[in-house]
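What you see below is based on every heavy atom in this structure, not just the backbone, and it leaves out hydrogens, waters and symmetry mates.
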Amino acid sequence: MNVFRLAGDMTHLLSIIILLLKIRATKSCTGISLKTQELYVIVFLTRYLDLFTKYISFYNTTMKLVFLGTSISIVWYMRYHKVVKQTYNKDQDTFRHYFLAIPCFLLALLIHHEFTVIEVLWTFSIYLEAVAILPQLVLLQRSRNIDNLTGNYVFLLGAYRALYLVNWVYRYFTENHLVRWIPWLSGLVQTTLYADFFYYYIKSWKNNEKLQLPA
Amino acid sequence: SEEEATKDEL
């Protein structure tokens with residue numbers, strides 16, 4: 001564990017906590033893409049298959065349970081909670097997320113470290129996480145005013161993978177130049193997808209104005 | 001092994 005990865009995990013955890021707080025406190029999920037949240041549940045389920053078979057550390061197991069639990073509860077709130085589900089922008093959140101999942105799965109079948117169920121699904125989760133934010137970014141462009149909590153949520157979500165990129169650079173130089181192309185390239189794509197959001201988020205923060213993404 | 005070393009992240 002290094003400080004960059006710990007900061008990345010904490011940023012990731014904070015983003016999820018902020019989203020849960022927004023939903024529970026305001027009883028609203030306006031501006032949040034259910035498609036993206038469902039993709040994240042698939043990412044965690046396919047990535048943490050070895051949760052009960054391989055013990056790495058107390059921290060690792062705890063965080064996996066927290067990420068699984070919170071992401072599933074967010075989808076539950078948005079789908080089934082009687083008040084929250086009324087606030088879901090169903091007609092704007094129209095991104096066909098299967099168009100993202102299927103190519104990622106096919107790619108995982110083609111490019112992976114080893115051809116086992118666990119490894120192919122883990123690789124699928126890495127590819128899927130890279131593009132899972134797209135429905136959310138599309139929804140942000142469609143929704144006129146983005147509330148602060150939603151903006152902060154997306155920013156922290158993008159920041160966590162950027163910190164993981166730094167963690168991978170650090171590990172490359174400190175752990176006998178271990179090369180890990182699949183997470184590296186996926187993480188690079190993932191962080192790059194946030195580039196224009198980061199630009200408008202920082203601009204709105206500097207000028208102290210409402211966050212607005214160009215249509 | 002390299003395998004182990006790469007799966008200790010979330």
Q: For atom OH of A:Y59, decide whether the heavy atoms of other residues, nucleotides or ligands shown that lie under 6.0 angstrom number more than 12.
A: yes

Q: Quick check on A:N176 against chain B: is it the side chain, the backbone, both or neither that has a heavy atom closer than 4.5 Å?
A: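 When you check distances to chain B, no heavy atom of A:N176 falls under 4.5 Å.
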
Q: Please output the residues of residues 2-15 of chain A in contact with chain B, using a heavy-atom cutoff of under 4.5 Å, in numerical order.
A: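 Residues of residues 2-15 of chain A touching chain B at under 4.5 Å: A:R5, A:D9.
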
Q: Are more than 12 heavy atoms from other residues, nucleotides or ligands located less than 6.0 Å from atom CZ of A:F198?
A: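 Yes, CZ of A:F198 has more than 12 neighbouring heavy atoms, counting only those of other groups under 6.0 Å.
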
Q: How about residues 61-68 of chain A versus chain B: which residues have heavy atoms under 4.5 Å apart?
A: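 Result: A:M63, A:K64, A:F67.
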
Q: Does CH2 belonging to A:W205 count more than 12 external heavy atoms closer than 6.0 Å?
A: no

Q: Side chain, backbone, both or neither: which part of A:F44 has a heavy atom under 4.5 Å from chain B?
A: neither

Q: Taking atom CZ of A:R142 as the centre, does the number of heavy atoms from other residues, nucleotides or ligands within less than 6.0 Å exceed 12?
A: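 Yes, CZ of A:R142 has more than 12 neighbouring heavy atoms, counting only those of other groups under 6.0 Å.
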
Q: Not counting sequence neighbours, which residues clear side chain to side chain donor-acceptor pair (under 3.5 Å) with A:E129? List them please.
A: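 Side chain to side chain donor-acceptor pair (under 3.5 Å) check on A:E129 returns A:R47, A:Y160, A:Q190.
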
Q: Using a strict 4.0 Å threshold on nitrogen-to-oxygen distance, state whether A:R171 and B:D8 make a salt bridge.
A: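 The answer is yes: the pair qualifies as a salt bridge.
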
Q: Can you name the side chain to side chain donor-acceptor pair (under 3.5 Å) partners of A:R161, sequence neighbours left out?
A: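 Side chain to side chain donor-acceptor pair (under 3.5 Å) check on A:R161 returns nothing, list empty.
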
Q: Indicate the atoms forming the closest heavy-atom contact of A:Y164 with B:L10, along with that distance.
A: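 Shortest heavy-atom separation between A:Y164 and B:L10 comes out as OH-N, 3.5 Å.
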
Q: Does A:Y55 have more than 12 heavy atoms from other residues, nucleotides or ligands lying within 6.0 Å of its OH?
A: yes

Q: Examine the side chains of A:N60 and B:E9 and answer whether a donor and an acceptor come within less than 3.5 Å of each other.
A: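 Short answer, no.
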
